[in-house]
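Here is the naming used below: chain letters follow the sequence lines, and residue numbers restart at 1 for every chain. Fair warning: this is a prediction, and the values are worked out from it, not measured in the lab.
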2 protein chains.
Amino acid sequence: MEVFLNAEDKIPKYIQLYEQLKEKIISHDLVAGEKLPSIRYLAQELNLSKHTIDASYQQLIAEGYIKSVPRSGLYVLPIEEFSISKENGNTTAICSTDINNTIDFHYGSIDLEKFPLSTWGKCIKLAMEEELAILQYGVPQGDFLLRGEIRKYVAQSRGITCSEKQIFICNGTQQAVSFIVQLLNLMKQPVYFENPGYNEVRNILEKWQCDILPVPIESDGINLNTIYNGQAKVAYVTPSHQFPLGMILPIQKRLDLLKWAKNQNTYIIEDDYNSEFRYTGKPIPSLKSLDKLDKVIYLGTFSKSLLPAVRCCYMILPDSLIENAQKMIHQQTQNCSPILQRAIAIFMRDGYFQKHVRRMKTTYQKKQQTLVQAIKEQFKDEVEIIGQQGGLHILLKFKHADVDQLIERAKIAGVKIYSPKKHWIDSDEMSYLMLGFGGLPNEEILKGIMIIGSCFDKMNS
Amino acid sequence: MEVFLNAEDKIPKYIQLYEQLKEKIISHDLVAGEKLPSIRYLAQELNLSKHTIDASYQQLIAEGYIKSVPRSGLYVLPIEEFSISKENGNTTAICSTDINNTIDFHYGSIDLEKFPLSTWGKCIKLAMEEELAILQYGVPQGDFLLRGEIRKYVAQSRGITCSEKQIFICNGTQQAVSFIVQLLNLMKQPVYFENPGYNEVRNILEKWQCDILPVPIESDGINLNTIYNGQAKVAYVTPSHQFPLGMILPIQKRLDLLKWAKNQNTYIIEDDYNSEFRYTGKPIPSLKSLDKLDKVIYLGTFSKSLLPAVRCCYMILPDSLIENAQKMIHQQTQNCSPILQRAIAIFMRDGYFQKHVRRMKTTYQKKQQTLVQAIKEQFKDEVEIIGQQGGLHILLKFKHADVDQLIERAKIAGVKIYSPKKHWIDSDEMSYLMLGFGGLPNEEILKGIMIIGSCFDKMNS
């Protein structure tokens, strides 16, 4: 950060720093949501005491230019948001007091309070000590030891029998789908896609100019007639926990889908994105585990079960695709860090992973119960709760409410909630809210729902 | 790895293990080049003593099924290679003795002997301790602190004045180019590409169905007339160290190229892939530093200057592209691990990076001198040495030699050398060899050149 402090100036340094930071925020040189350097960091960089930096930051917080998020850091506030919250004055009184402590129901965050940070740190250290070569580019198909651990894990937890040769490591579901598009030559080809469905994957398919054929979601998952009547080259599905609606594809539909793939000589992409966290009923066998005809491309990820920041996921390919996939992958560099791949392998090998997943399942289940209970108390029968069987989010369907307005009001009140609209293809009206709860402590979940409820009541009064 | 040892069997366990591993290699279940689990790892997995595993491995090494690479691990040997080396008997005597210690002149490897591993480990630890939030998905544009450090670094080392807003972190040059193709809508559009040029980038452009227009490389870099006479939307160039030929684009050609971009209202992609390691003359100012008209997209990477395994590179975009790039990047997840991004930021902030780069520059320069000296002594005037001014590879141009045959013979003799053929578009005959030396100790460089020389002499005798 460029800051010029004048040592000769009589104005105290903390005021100089405060003025310059304020200027940067007003001129949008520092934009809303941007994170400021930590006190420690900036003190070191500017060669000032931590006290000086802290004093400047406190002044900026006091004046509402930045906010402090506990255990995360300091963030620039949007100036519009700030002025709205001031203008609205009393009507949003509950908000402005909370603006420095936004509660964010963003989907994707995970719980870090219970993460075994020091064990994980040791695994990274061990990875680098055990083998220097992992500091180089790494094996295009992915670390051999990690593939071995994944093989064992999916056998045990997802009923999938495969060999290391079928496993390809990559650094995100988007990369995996991009790879599959190239592997199966899907550019400009028709692809079945759930509607609603995971829009980050849809974005990638659209970038490759695939022709997206929407498959409606019924109460028990994808509508098979749509699939039978169309001509797509491949189907992307989330059978174990439909995204974002959360239902499970019944066994008969799974078998029918596999039969379709066989008859049409095509493939199914099974995105098993957070199979680890199921709270009710028996574990669901993956589509891949039923795939006797070798028609399923399976996608798994460590983003939810371990850390999003490892940027690591994996594909399990049918035998028939391995040869071409290996040819293709040798034209590319492996983009998941070999250091982190090996650290995950060690974390799994030494038994920490399964322990962590078990523990987090309980944690997330409790959070979800807290959330569902709070919603029921707050909204009574005004909303339907969708997708309670697993995962790190739920959907709320409002009977009578302008959801967009509720999102706006909640934002002013310091609670970020989101419409899942983007996951629908051509959706006009939208009465859903999507609440991700993975990263929120129970008390923030309770407080957040209370604030949303209060905004909702005001809208209807 | 699936291995079933029978505890009741009278055959010693190490023999059982040896037999099963041998079986896997013969049946290609374990393929050539595949890395075997470490002794420690397999001992833990199979619940056997390290001694047992070691005994099996030693037997396999002795019989030539696997080889041990010092400081790296154990690798499956190609069975064909093994038999060739046996068949050729005396003629390749020098080889077979070396087969367990392949010397690999692969381009891309870096020196790890001098890497400050424990400092780097501490930076990773500190990164996770300083801020838990970096364990989540991270900021799509890249860690703010890292962008700040890159801004300072490129200002100081490459003469580039830019703001953090212009810097976009991604996880490899291929990803960066893929992003640019989408940002500039280059699908099916004509793109200028150096011939020869970096084939990993060409692969990506071809995947996006760009129309590659080859620009011949002259003794002083790209041929500008080709560029003036064509209609490409963008030019991808390596002006500071042409890949793979290594020459520098003279200042006049740089200015002409910038003028072309201005007149055609198009962009130049400057891949400044290892500007850090220049051994002769003054530092070369980057094209971006001359870019008053904001037409240059700059690409930098940490793969050579720090570690390939961080999978981290960066783009510096013209102001005019930032808004669209930010929109685009928010549809994607950040694929360079936020943990490693922050660790790099700390490594730079605390002054280790610059120190490391300085040290490595000396190291690589010495290696290159060793290599060049050895080549001169070995080959006298049979070869021309190309690209001595910097980087981690040189090219050899043979006056009279079947390079493909030399590569084959050297391989049998335990030295891996490569043709740079793939970097040429439509190249038929090829008299070049590409020798990467970054990852090789001086004594292996000397030994390697001696072996290549011996193969060369035998070919010509």
Side-chain angles (χ1 to χ4, degrees), chain A residues 1 29 31 34-35 37-38 40-41 44-45 71-73 108-110 112 115 117 120-121 124-125 128-139 144-145 148 163-165 171-172 174-175 182 187 200 203 207 209 303 307-311 331-340 349 439, chain B residues 1 29 31 34-35 37-38 40-41 44-45 71-73 108-110 112 115 117 120-121 124-125 128-139 144-145 148 163-165 171-172 174-175 182 187 200 203 207 209 303 307-311 331-340 349 439:
Chain A
M1 186 176 299
D29 199 26
V31 298
E34 206 159 272
K35 187 165 191 299
S38 69
R40 176 176 174 171
Y41 180 90
Q44 206 160 339
E45 175 157 327
R71 292 185 71 91
S72 170
S109 296
I110 63 158
L112 293 175
F115 185 75
L117 193 58
W120 169 243
I124 297 179
K125 192 160 173 271
M128 299 193 290
E129 282 168 5
E130 279 189 7
E131 188 185 341
L132 265 188
I134 64 155
L135 300 176
Q136 304 280 14
Y137 279 93
V139 180
F144 189 69
L145 297 189
S163 75
E164 282 87 348
K165 276 191 223 170
N171 68 345
Q174 291 191 327
Q175 269 61 36
Q182 294 165 64
M187 262 175 107
E200 287 204 13
N203 286 340
K207 266 186 200 133
Q209 306 190 341
S303 289
L307 289 174
V310 293
R311 308 311 305 125
Q331 296 196 348
Q332 301 181 2
T333 38
Q334 168 56 252
N335 281 304
C336 176
S337 165
I339 301 170
L340 299 179
R349 171 192 81 186
Chain B
M1 188 177 296
D29 199 25
V31 297
E34 206 160 89
K35 189 167 188 300
S38 69
R40 175 176 175 168
Y41 180 90
Q44 205 161 341
E45 174 158 328
R71 291 186 72 90
S72 170
S109 295
I110 63 160
L112 293 175
F115 185 74
L117 194 58
W120 168 243
I124 297 179
K125 191 159 175 269
M128 298 193 291
E129 282 169 5
E130 279 189 7
E131 188 184 340
L132 266 187
I134 63 156
L135 300 176
Q136 304 280 12
Y137 279 93
V139 180
F144 190 68
L145 297 189
S163 74
E164 282 86 348
K165 274 191 224 171
N171 68 345
Q174 291 190 328
Q175 270 59 38
Q182 295 164 64
M187 260 175 107
E200 288 205 11
N203 286 339
K207 265 184 200 137
Q209 305 189 339
S303 288
L307 289 175
V310 293
R311 308 310 307 126
Q331 295 195 349
Q332 302 180 2
T333 38
Q334 169 56 253
N335 282 303
C336 175
S337 164
I339 301 170
L340 298 179
R349 172 192 80 188

Side-chain donor/acceptor of Q174(B) to backbone N/O of Q331(A), under 3.5 Å | yes
In this structure, CD of Q209(A) is separated from CD of Q209(B) (nearest 0.5 Å) by 7.5 Å
Between E164(B), Q44(B), M128(B), which shows the greatest number of heavy-atom pairs under 4.5 Å with chain A?
-> M128(B)
Does A309(B) offer a backbone N or O that forms a donor-acceptor pair with the side chain of S337(A) under 3.5 Å?
-> yes
Using a cut-off of under 4.5 Å for heavy-atom pairs, which of G73(B), G172(B), G121(B), S303(B) has the most such pairs with chain A?
-> S303(B)
Minimum heavy-atom distance F144(B)-K35(A), with the two atoms named | CD2-O, 3.3 Å
Can you name the residues that form a salt bridge (Lys or Arg N to Asp or Glu O under 4.0 Å) with E200(B), not counting sequence neighbours?
-> none
Judged by atom type as modelled, is there a donor-acceptor pair below 3.5 Å linking the side chain of R349(B) to the main-chain atoms of E45(A)?
-> no
By a 4.5 Å heavy-atom criterion (distance strictly below it), what part of I124(A) contacts chain B: side chain, backbone, both, or neither?
-> side chain
In terms of heavy-atom pairs under 4.5 Å, which option from N203(A), L135(A), L117(A) contacts chain B the most?
-> L135(A)
Could you grab the distance from atom OG of S38(B) to atom CD of E131(A), nearest 0.5 Å is fine?
-> 8.0 Å
What part of L340(B) lies closer than 4.5 angstrom to a heavy atom of chain A: side chain, backbone, both or neither?
-> side chain
Please answer whether the main-chain N or O of I110(B) pairs with a side-chain N or O of Q136(A) as donor and acceptor at a distance below 3.5 Å.
-> yes
Could you have a look at N171(A), V31(A), I134(A), V139(A) and say which one has the most heavy-atom pairs with chain B under 4.5 angstrom?
-> N171(A)
Among S72(B), G138(B), A133(B), G148(B), who wins on heavy-atom pairs under 4.5 Å with chain A?
-> S72(B)
Heavy-atom closest pair (L132(B) atom, L112(A) atom, distance to 0.1 Å) is O-CD1, 3.2 Å
Nearest-0.5 Å distance that lies between atom CG in N335(B) and atom CD in Q175(A) = 4.0 Å
Given the options R40(B), K207(B), Q182(B), E34(B), which has more heavy-atom pairs under 4.5 Å with chain A than any of the others?
-> K207(B)
Most heavy-atom pairs under 4.5 Å with chain B, out of G439(A), C336(A), G108(A), belong to G108(A)
Is it the side chain or the backbone of Q334(A) that comes within 4.5 Å of chain B heavy atoms, both, or neither?
-> backbone
Let me know if Y137(A) has heavy atoms under 4.5 Å from chain B in its side chain, its backbone, both or neither.
-> both
At a heavy-atom separation under 4.5 Å, does K125(A) approach chain B through its side chain, its backbone, both, or neither?
-> neither
Y41(A) versus chain B, heavy atoms under 4.5 Å apart: side chain, backbone, both or neither?
-> both
Assert top hit (heavy-atom pairs under 4.5 Å, partner chain B, pool K165(A), E129(A), E130(A)) equals K165(A)
